[in-house]
K.L.:
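Input: one structure, supplied below.
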There are 2 protein chains.
Amino acid sequence: MSQIVELTPKENSDINRLNLSEQIANRLRDMIIQNQMSPGDRIREREICKELQVSRTPLREALHKLASECLIDLIPNCGAVISSPSGDEIADMLRVLGVLEAFAGERACESITEEEIAEIKALHYEMLAAFSRGDRLQYFKLNQRIHLALIKAARSETLLALHSRLNARLYRIRYQSNLKNEQWGGAVEEHDNIMAALEERDAEKLSRILRRHLKSTWEKISEHIEEKK
Amino acid sequence: MSQIVELTPKENSDINRLNLSEQIANRLRDMIIQNQMSPGDRIREREICKELQVSRTPLREALHKLASECLIDLIPNCGAVISSPSGDEIADMLRVLGVLEAFAGERACESITEEEIAEIKALHYEMLAAFSRGDRLQYFKLNQRIHLALIKAARSETLLALHSRLNARLYRIRYQSNLKNEQWGGAVEEHDNIMAALEERDAEKLSRILRRHLKSTWEKISEHIEEKK
DNA sequence: TTTTGACTTTTGGTATACAATATGCCATAT
DNA sequence: ATATGGCATATTGTATACCAAAAGTCAAAA
């Protein structure tokens, strides 16, 4: 599972246009998110420098970027460690994520096009297919894509930015939970309701469902939190 | 008006514990927020280096930090410019800020203590006093403090972080608007309602008022946007 | 007036140096 | 054997010099 999903899609043509520090940040972010570096792990600058064949300056800039995304903690004179949020912090993040998604749903009902609804519906059915096949990875990825599509339909760059930040912090945890959880398909039913509300463009209803959806996400995740600490 | 307000309070005892790059970021952030550098202005590295008596390395780290907060735009091979959000972007940010504050109000009703309510009430009356005296600066600062106190009462670090980020991006604009606006006290009446809802701990009501409050903030600001572009 | 092209400035990135701090290890004392 | 203190080493924080590439500038030529 070296490559779970391309979280920071970058067209190969444009990759050269990105700052080196951005590229490093993207690469490290993917590594953290995909659990290739475990929470609590310390990042040694020179080690990564050698591994990625870059000098310290852009690496350090990348570390600062990741720190501002709360993916790592920068401890003075002691370097960077992969941040490991507590259960309470995860619950807190999910609550706020729920609020953001609820707002997204509300706005999306006004601005989403029929084509976009059709596309989300298609993703929804693909997700059901993945569930039916027991393909957890595909299920997870499609779930993410559906939520991202909803956020984008809200037509708010600010919302999109805050959401993707928070989502990045939660990604690894949610992915791990999705792998472990017995009733991993629990979201299927809720997603049915989401689709229905979206098709009816019932803003109030969709909003409510989405917030509740993230709450039940927490209930699933929380079962797998204890063991980790 | 060189010193509007200490946005990044740092106990003098601890300032030495902060990275130089953090200190620089804080300093530049205050300068941007307080309009000592105008939107669109280009930041020349060596210029600031000389001004702040630091080397390029920590300065560049600081610039990356500010860029990740969307206070500046980092243009490849062209350096940093103070970001100047369009009217649409400002409206968008205020909408999301409204959602965050609405959520804060909701949670605060559950978790706020009587002491905190009393303190906010005190700030509220101080704000009325400032308004009565025509002291716009004081009015603005107290307004900010009231909203910050509300956010903190929600007991969510995630919410606090997102809010302060968004608030930093909007600070300069709101401050300018507060200076210019004819009916600059328009928020007084809404604040009365906020206080009432808070004292009743009516989460649903407070939430609704706060969201509406930020909407009317936009209506005030929007009058002063045209001239700038 | 516009375009071309050389010159200058600025940024992006690398390498290196050095001080301050943290870490780890070993010898000593209990 | 374990705990403590202190030294050696490793790592981070900062400064500086250097170079290549891109952007900006400006004057001369068409």
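The shown structure was predicted, so the numbers you read here are calculated from the model rather than taken from an experiment.
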K.L.:
Measure up the A/His213 and A/His191 rings against each other and bin them: parallel (under 30°), tilted (30 to 60°), perpendicular (over 60°).
P.N.:
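Perpendicular: the ring planes of A/His213 and A/His191 meet at over 60°.
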K.L.:
Taking atom P of C/dT10 as reference, at what distance in whole Å does atom CG of B/Leu59 sit?
P.N.:
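Whole-Å distance recorded here is 14 Å.
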K.L.:
Between D/dT25 atom C1' and B/Arg42 atom CZ, what is the distance in whole Å?
P.N.:
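Nearest whole value for this atom pair: 12 Å.
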K.L.:
Could you tell me whether the side chain of A/Arg56 has a donor or acceptor atom within less than 3.5 Å of a complementary atom in the base of C/dG13?
P.N.:
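No such pair is found, so the answer is no.
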K.L.:
Might you point out which heavy atoms bring B/Ile43 and B/Met37 nearest each other, and give the distance in Å?
P.N.:
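Nearest pair, atom of B/Ile43 first, then B/Met37: CG1-CE, 4.1 Å.
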K.L.:
Mind calculating the distance between CD1 (A/Ile75) and P (D/dA10) to the nearest angstrom?
P.N.:
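Nearest whole value for this atom pair: 22 Å.
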K.L.:
Using a strict 4.0 Å threshold on nitrogen-to-oxygen distance, state whether A/Glu106 and A/Arg155 make a salt bridge.
P.N.:
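No, A/Glu106 and A/Arg155 are not salt-bridged.
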K.L.:
Salt-bridged, A/Arg60 to B/Glu61, with N to O below 4.0 Å?
P.N.:
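Looking at B/Glu61 together with A/Arg60, the answer is yes, because their closest N to O distance falls below 4.0 Å.
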K.L.:
Return the value, rounded to whole Å, for the distance between atom CD1 of B/Ile72 and atom C1' of C/dT11.
P.N.:
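Going from CD1 in B/Ile72 over to C1' in C/dT11 covers 13 Å.
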K.L.:
Would you indicate, yes or no, if C/dT11 has its OP1 or OP2 atom less than 4.0 angstrom from a side-chain nitrogen or oxygen of B/Arg44?
P.N.:
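B/Arg44 to C/dT11 OP1/OP2: no side-chain N or O under 4.0 Å.
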K.L.:
Salt bridge between A/Arg169 and A/Glu69, side-chain N to carboxylate O under 4.0 Å?
P.N.:
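No.
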K.L.:
Estimate the overall bend of the helix from C/dT1-D/dA30 to C/dT30-D/dA1 from the end axes over five pairs each, rounded to 10 degrees.
P.N.:
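Angle reported: 20°, given to the nearest ten degrees.
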K.L.:
If I take atom CG in residue A/Leu52 and atom P in nucleotide C/dT14, what distance separates them, rounded to the nearest angstrom?
P.N.:
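From A/Leu52 CG to C/dT14 P: 11 Å.
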K.L.:
Looking at A/Asp30 and A/Arg27, is any side-chain nitrogen of the basic one under 4.0 Å from a carboxylate oxygen of the acidic one?
P.N.:
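Salt bridge: no.
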K.L.:
What integer distance in Å separates A/Glu61:CD from C/dT14:P?
P.N.:
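Checked: the CD to P distance equals 10 Å.
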K.L.:
Looking only at side-chain atoms of B/Asn77, point me to the closest of D/dA23, C/dA22, D/dT14.
P.N.:
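For B/Asn77, the side-chain atoms sit closest to D/dA23.
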K.L.:
Assign each of B/Arg46 and A/Glu45 to its nearest nucleotide of DNA chain D by heavy atoms, then name whichever residue's nucleotide is nearer the 5' end.
P.N.:
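Final value for this comparison: A/Glu45.
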K.L.:
Between A/Asn19 (CG) and C/dT10 (C1'), how many Å, whole number?
P.N.:
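So the two atoms are 14 Å apart, to the nearest Å.
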K.L.:
B/Ile43 has an atom CD1; how far is it from atom C1' of D/dA23, in whole Å?
P.N.:
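Answer to the nearest Å: 18 Å.
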K.L.:
Nearest to the side chain of B/Arg60, which nucleotide is it out of D/dA15, C/dT23, C/dG13?
P.N.:
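The closest nucleotide is C/dG13.
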K.L.:
The test is salt bridge (charged side-chain N to carboxylate O under 4.0 Å, His left out); show your working for B/Glu101 and B/Arg211 and say whether it passes.
P.N.:
CA-CA 7 Å; B/Glu101 295 214 359; B/Arg211 192 152 164 188; over 6 Å; no
K.L.:
Here's a test of your reading of the structure: between A/Ser21 and A/Cys78, which maps to the more 5' nucleotide of DNA chain C?
P.N.:
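Comparing both residues, the 5'-ward one is A/Ser21.
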